[in-house]
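Numbering of residues begins at 1 and proceeds along the displayed sequence. Only this structure's heavy atoms are used, side chains among them; waters, hydrogens and symmetry mates stay out.
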Amino acid sequence: MLSNLSKSVRQYMLVTFNYWNFTVTDGALRMLVVLYFYDLGYSSLEIASLFLFYEFFGVVTNLIGGWLGARLGLNKTMNLGLGMQIVALSMLAVPSAMLTIPWVMAAQALSGIAKDLNKMSAKSAIKTLVPDDQQGALYKWIAILTGSKNALKGAGFFVGGLLLSLIGFKYAVLAMSAVLTLVFIGSVISLEADMGKAKTKPKFSQLFSKSQPINILSAARMFLFGARDVWFVIALPIYLGSVFGWDHAWVGGFLAAWTIAYGVVQGVAPKITGKAQGKVPDGHAALVWAALLAVVTAAIAYAVQIGWQPELVIIGGLMVFGAIFAVNSSLHSYLIVSYAKGDGVSLDVGFYYMANAMGRLIGTILSGLVFQMAGLSACLWVSFVFLALTTLISLKLPKVKQAAIA
């Protein structure tokens, strides 16, 4: 049956399969590290420090990875990402006495590089497989890839919490490493060699985008993802365990449900934003959805601050946050691929995801620091400030006519 599909569709399916498998291990590893080291007595700021290199090297990788993808081909950068994740997982399968902060930070650095090589390769590959005159199809496929990725990352959160409860940290990372090794072997054999390679070798000086729409979108993306991670990455899992008294499986399950629902909304975002009526989103749509998210976040932050129905607000309010955030993220993911140049697409996509990684880095550090100093409500107020900045920056995004020819 697969043999009846076109070559480009088979390549897309393989890229997506690689991305899905990687994403499950990425989500599971994050949950394993947060919960395991919290059990060992680490503070929220110390746990945040474990992810410092993960996020920092994500910034560097997206910048350089786009250049490598354009020069070498996206198959090589995707396979390199898979291989590095296997090494990172294996590094953590050591006796607990060896799991010092520097060692875990080094493993997380490798994982951060791996994650962003894999994501940049997957997102860029779609541009090479969809004709430029089919923007509606491009939006649909980007939404499906992004939505499914986040749904599976949510599944990874649950898998991480469950594996920690059932078989412990060491055997959990070993099991994930074994599965990813099989995926890596299949990818090396089957992925097309010249996918995404630029016709002319881009110079290193071309790393930084010279496109105004991409620069503006990248700045908006940085604050958007900083706004999410400032409460979600460190503060929320620890809050659920320490204040609500939830065990690992419950914490992992809630974060999994949140992220899966977020991924589902991302997948149907084209219908929400009007594709069914023949509309393709532009900068104005990104502005409206960013403003709506800022208002919702302010309401949640205030309710948490005054202690009104905390479990209802945390669970219900953050599900609403996740749904609106998902539409914002899906819009951005479509706009960057739409704005990007077809030849050497990974350069523009890499620059944009460099800004995305910078937002995650800032959000992760502040999540540990602000939560330790002032609690979850303060993290949510910082999130609101970041979203207000996202809204202001989005005022400068191109509207319909400019977006269509960008």
Check against side-chain contact (heavy atoms from CB on, under 4.5 Å), Met78 and Leu117: CA-CA 6 Å; Met78 173 160 274; Leu117 279 175; over 6 Å; no
Enclosure of Phe37 CZ (heavy-atom neighbours >12, cutoff 6.0 Å): yes
I need the minimum non-hydrogen distance between Ala294 and Ala388, along with the two atoms involved. CB-N, 4.3 Å
Check step by step if ring-ring contact (aromatic ring centres under 6.0 Å, His included) holds for Phe254 and Phe158. CA-CA 8 Å; Phe254 172 73; Phe158 177 71; over 10 Å; no
Is the side chain of Ser111 donor-acceptor paired with the backbone N or O of Ala107 at a distance under 3.5 Å, no angle test? no
Sub-3.5 Å donor-acceptor pair from the side chain of Ser329 to the main-chain atoms of Ala326, do we have one? no
For Phe169, enumerate each residue passing the ring-ring contact (aromatic ring centres under 6.0 Å, His included) test, keeping only those at least two apart in sequence or located in another chain. Tyr36
In Å, rounded to the nearest 0.5 Å, how long is the span from CG of Leu89 to CG of Leu110? 10.0 Å
Between CG on residue Leu217 and CG on residue Leu335, distance to nearest 0.5 Å: 5.5 Å
Asp229 (side chain) donor-acceptor with Phe232 (main chain) under 3.5 angstrom: no
For Gly41 and Glu46, work out which heavy atoms get closest and say how close. O-OE1, 4.5 Å
Checking side-chain contact (heavy atoms from CB on, under 4.5 Å) for the pair Phe22/Phe17: CA distance, chi angles, key distance, verdict? CA-CA 9 Å; Phe22 186 100; Phe17 179 75; over 6 Å; no
Does atom CE of Met373 have more than 12 heavy-atom neighbours, drawn from other residues, nucleotides or ligands, at distances under 6.0 Å? no
Quick one: OH on Tyr239 to CZ on Phe244, what's the gap to the nearest 0.5 Å? 4.5 Å
Report yes if the distance between the aromatic ring centroids of Phe384 and Trp231 is under 6.0 Å, otherwise no. no
Taken in chain and number order and not counting sequence neighbours, the residues that satisfy ring-ring contact (aromatic ring centres under 6.0 Å, His included) with Phe51 are none
Side-chain touch Arg30/Val233, heavy atoms, less than 4.5 angstrom: yes
d(Asn118 CG, Asn21 CG) to nearest 0.5 Å is 9.5 Å
Taking the side chain as C-beta and beyond, is there a heavy-atom pair between Arg228 and Phe386 under 4.5 Å? no
Mark yes when over 12 heavy atoms from residues, nucleotides or ligands other than Met358 sit less than 6.0 Å from its CE; otherwise mark no. no
Check Leu392, Thr297, Val296 against Leu387 for a side-chain contact (heavy atoms from CB on, under 4.5 Å) and give me the one that passes. Thr297
Do you know the tightest heavy-atom contact between Thr259 and Phe157? OG1-CE1, 3.1 Å
Is the closest side-chain heavy-atom distance between Ser43 and Ile47 below 4.5 Å? no
Look at the rings of Phe53 and Phe56 and say which category their plane angle falls in: under 30° parallel, 30 to 60° tilted, over 60° perpendicular. tilted
Any sub-3.5 Å donor-acceptor pair from Ser90's side-chain atoms to Ile86's backbone N or O? yes
Validation row: Ser242, Tyr38 side chains within 4.5 angstrom (heavy atoms): yes
Just do the side-chain contact (heavy atoms from CB on, under 4.5 Å) check on Ile260 and Leu152 with the steps written out, would you? CA-CA 7 Å; Ile260 290 169; Leu152 285 166; over 6 Å; no
Donor-acceptor contact present, side-chain Ser177 to main-chain Val173, <3.5 Å: no
Atom of Ala378, atom of Val370 and distance for their closest heavy-atom approach: CB-CG1, 3.6 Å
Over 12 non-hydrogen atoms of neighbours within 6.0 angstrom of CH2 in Trp246: yes
With no hydrogens and no angle check, is any side-chain donor or acceptor of Ser383 less than 3.5 Å from a backbone partner on Ala227? yes
One should read off an interatomic distance between Ile238 CD1 and Ser367 OG, to the nearest 0.5 angstrom, of 7.5 Å
Under the side-chain contact (heavy atoms from CB on, under 4.5 Å) criterion, do Leu380 and Leu318 qualify, and how do the steps go? CA-CA 10 Å; Leu380 286 160; Leu318 294 182; 4.3 Å; yes
Please report the interatomic distance CD1(Ile167) to CG(Leu174), rounded to the nearest 0.5 Å. 8.5 Å
Does some side-chain heavy atom of Leu52 sit less than 4.5 Å from a side-chain heavy atom of Leu361? yes
May I ask you to test the Val94-Lys170 pair for a side-chain heavy-atom distance under 4.5 Å? no
Closest non-hydrogen atom pair between Ala286 and Asn328, with its separation: O-OD1, 3.9 Å
Ignoring hydrogens and angles, tell me if any N or O in the side chain of Trp250 forms a donor-acceptor pair with the backbone of Leu240 under 3.5 Å. no
Can you check whether Leu397 reaches Leu287 side chain to side chain, under 4.5 Å on heavy atoms? no
Between Lys396 and Ile216, what is the shortest heavy-atom contact and its length? O-CD1, 3.4 Å
Closer than 3.5 angstrom, by distance alone: can the side chain of Thr364 be matched with the main-chain N or O of Arg360 as a donor-acceptor pair? yes
Backbone N/O of Phe184 and side chain of Ser187: donor-acceptor pair under 3.5 Å: no
Flag side-chain contact, heavy atom, 4.5 Å: Gln108 against Leu29: yes
